Amino acid sequence: MTQEHERSKVAVQCTVCSAIYTAWTANEDSFRLIGTDECQCGEDEFQLLS
Ligand SMILES: [Zn+2]
C-alpha cells in the first residue's frame, strides 16, 4: 500500500461552474475530491475556497 502523507480536508470550487466540493489536499496544487472524480460539469480543475 502507498503510505499516506499528511493531508487536509478542504472546500474547493470548480473553476468553470463554481460548484463547491469537499476534497483532500496534500498540497495547494493537488486536490482529490471526496466521493467523485470530477465536477458535475466534467471539469477537473478546482481552486481552494477560502
Ligand atoms: Zn464544474
Side-chain angles (χ1 to χ4, degrees):
M1 288 293 291
T2 304
Q3 185 174 2
E4 290 194 18
H5 297 281
E6 194 159 332
R7 58 186 185 178
S8 303
K9 198 173 184 180
V10 296
V12 296
Q13 186 170 37
C14 176
T15 57
V16 174
C17 74
S18 298
I20 296 171
Y21 291 88
T22 304
W24 293 112
T25 180
N27 59 64
E28 290 188 0
D29 297 322
S30 176
F31 303 114
R32 178 173 298 195
L33 296 190
I34 298 172
T36 184
D37 290 331
E38 61 184 20
C39 183
Q40 58 187 5
C41 72
E43 180 59 46
D44 61 0
E45 269 193 41
F46 296 87
Q47 59 186 2
L48 189 62
L49 193 65
S50 56

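First listed ligand is number 1; within each ligand, the first listed atom is number 1. Everything quoted here is computed from the prediction, not taken from an experiment.
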Let me check something: any side-chain donor-acceptor pairs from residues 10-20 under 3.5 Å, sequence neighbours excluded? List them with distances.
residue	atom	partner	partner atom	Å
Gln13	NE2	Ser18	O	3.1
Thr15	OG1	Glu45	O	3.3

Correct closest heavy-atom pair for Glu38 and Glu43 would be CB-O, 3.5 Å

Starting from Leu48, can I reach Phe46 by hopping between I/L/V/M/F/W/Y residues whose side chains sit under 4.5 Å apart? yes

Output for pair (Tyr21 OH, Gln40 CD), nearest 0.5 Å, gives 4.0 Å

Checked the Zn ion (ligand 1): protein N, O or S atoms closer than 2.8 Å come out as Cys14 SG, Cys17 SG, Cys39 SG, Cys41 SG

